[in-house]
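Here's the structure we're looking at; comments come further down.
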Amino acid sequence: MIEDSQNIELLRITTAGSVDDGKSTLIGRLLYDSKSIFEDQLSSIRDYSKTNRNQEIDYSLITDGLKSEREQGITIDVAYRFYSTPKRRFIIADTPGHEQYTRNMATGASNASLALILIDAKKGIVTQTRRHTFISSLLGIRHFVVAINKMDLVDYSEEVFEQIVEEYKAFAEKLSVESISFIPLSALKGDNVIERSTNMPWYQGSPLLDYLENVNVAGGRNLIDFRFPVQYVNWSGNEFRGYCGTISSGVIRKGERVIALPSGRTSKISRIVTYDGDLDYAFAPMAVTLCIEDDIDISRGDLISRENNLPAITGNIEANVVWMDTESMQTGKDYLIKHTTKTVKGSFSEVRYKFDLEKIHRIPAEFLSVNDIGKVKIELKKPLYADLYSKNRLTGSFIVIDPHTNQTVAAGMISKYKQVSPDKACESVKSKVIRYPGDKKEKAKSDYDRLSMQGTQCIYVDDEILQKGLCRGIAVDTDEYSRIIEGLCNIATESGVSVVLCTENEVSLE
């Protein structure tokens, strides 16, 4: 049974709406009616409902797991729930409705393919409805289902339903949306959740579960541009060397020619290794280990792509950024930009504008504060290999880390970049030998540490290290000693690794 369910398509859903629209109740009802709750969990929820809520079962407690959420009756954090039916597997992100937790809502929406927007039938469309729809659209979600909840409180009125539908459609015309479906329901009573409601005979569409089981959202997956950020190098002596990671986009086949960035070296795929054995081809979002025919220096943070289909190589980007930290953005300050498996330093050079999320328009801004969303320009200290977010959600996104606190302060989506040619980019990160005299060991080690922290692939070599290994028993002032150092440096730089060299004698290096 478990093995069979793994082959069923997975749909990631984010829920959004205002406080008290009934998101948690609806998700709880879906899980309850589809029998996706463990008996011990169900028993605990029933006991809590009777003791604290004076009711048989409060469906919202199935997702509102935090103590503070149960006490306040609202969702604060993002609650992820998994359930499956014979047709499909689901991961639902129950995100906060309160404006204060916009950053949490953005986190839950970042990996979703479909947004479930809830509207209270009595209240109609409110500011948070527009806010969450806009954020979901900005994060690349193109498929929406609008659940107009609490229809039992408006006597299941078709007129109320149609009025909300028309108002929402007028607003959504401004956004990049591929499909919107509207479903009238009552999460509390179960109307149109699992089965079609007899209380609304005027509605001829599918109930919510049936819609979620059958909606087609596969069109947003990029299977053209092959991108493979290297997460880990699996090496077992001379017998095996493979590069592990998750395919961000595209398809790769055994025997295809690829290029490793930033070195610019090319080779062919010799094996595609998985836990279940070798494959002839693999595609996003599979986790695989790639082996290549030639011995190329590739490490974590590098990216493998097709030779004739490269990502953008850029040092300057524009991006839509969701600011998540309580400390406001500082322009000019060095932050860490984590993009796929690579981390580089960068700084915000300009805030072009921020979005007024109530009126959905742009306003001038000099910086972003917590829960703000705006368009910014970022200057990078080293080039990234990226795509536009609209084209590739994984290689088009990044997070921003404060190097002093190690806190994630923002998430970004690339909308524009300044590109350089592949040849120039590879030259800009070309390996080299950095020479220091023997009495400058402390400065040499400091330089090595700085380069390593910036992500530069490099090694440190001095006389003490050499005389313990390669040059053991060889005098420092001999030609043989110099030849060994020269050979070591040539091997390293040819493999794309820089050398910080601190020796007493002069060595002739090209």
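All heavy atoms count here, side chains included; hydrogens, waters and symmetry mates do not. Not measured: the values here are computed from a predicted model.
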Ignoring hydrogens and geometry beyond distance, is a side-chain donor-acceptor pair present between [X] and [Y] at under 3.5 Å?
X: Thr289; Y: Asn234; result: no
X: Arg227; Y: Ser305; result: yes
X: Ser299; Y: Tyr243; result: no
X: Arg257; Y: Ser267; result: no
X: Lys375; Y: Ser415; result: yes
X: Ser248; Y: Thr395; result: no
X: Asn406; Y: Asp402; result: no
X: Thr85; Y: Glu213; result: yes

Check this for me: [X], atom [atom1], are more than 12 non-hydrogen atoms of other residues, nucleotides or ligands nearer than 6.0 Å?
X: Gln163; atom1: CD; value: no
X: Lys333; atom1: NZ; value: yes
X: Tyr211; atom1: OH; value: yes
X: Tyr281; atom1: OH; value: no
X: Lys338; atom1: NZ; value: yes
X: Lys123; atom1: NZ; value: yes

**Message:** Between Phe82 and Phe90, is the ring centroid distance below 6.0 Å?
**Reply:**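 Phe82 vs Phe90: aromatic centres not under 6.0 Å.
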**Prompt:** Roughly how far, to the nearest 0.5 Å, is CG of Leu153 from OG of Ser186?
**Reply:** 7.0 Å
**Asked** Would you say Ser181's side chain and Val145's backbone share a donor-acceptor pair under 3.5 angstrom?
**Response**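 No, the answer is negative, given that no donor and acceptor are paired below the 3.5 Å cut-off.
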**Message:** Looking at Asn214 and Asp210, would you say the former's side chain and the latter's main chain have a donor-acceptor pair under 3.5 Å?
**Reply:** yes
Could you tell me whether [X] and [Y] make a salt bridge, using a distance below 4.0 angstrom between a side-chain N and a carboxylate O?
X: Lys381; Y: Asp334; answer: yes
X: Arg142; Y: Glu178; answer: no
X: Arg352; Y: Glu318; answer: yes

**Message:** Can you classify the ring geometry of Phe355 versus Tyr353 as parallel (below 30°), tilted (30 to 60°) or perpendicular (above 60°)?
**Reply:** perpendicular
**Request:** Can you sort out the partners of Lys354 under salt bridge (charged side-chain N to carboxylate O under 4.0 Å, His left out), two or more places apart, ordered by chain and number?
**Result:** Asp372
**Item:** Residue that, paired with Phe226, satisfies side chain to side chain contact (heavy atoms under 4.5 Å, CB included) out of Val251, Ile247, Asn309
**Value:** Ile247
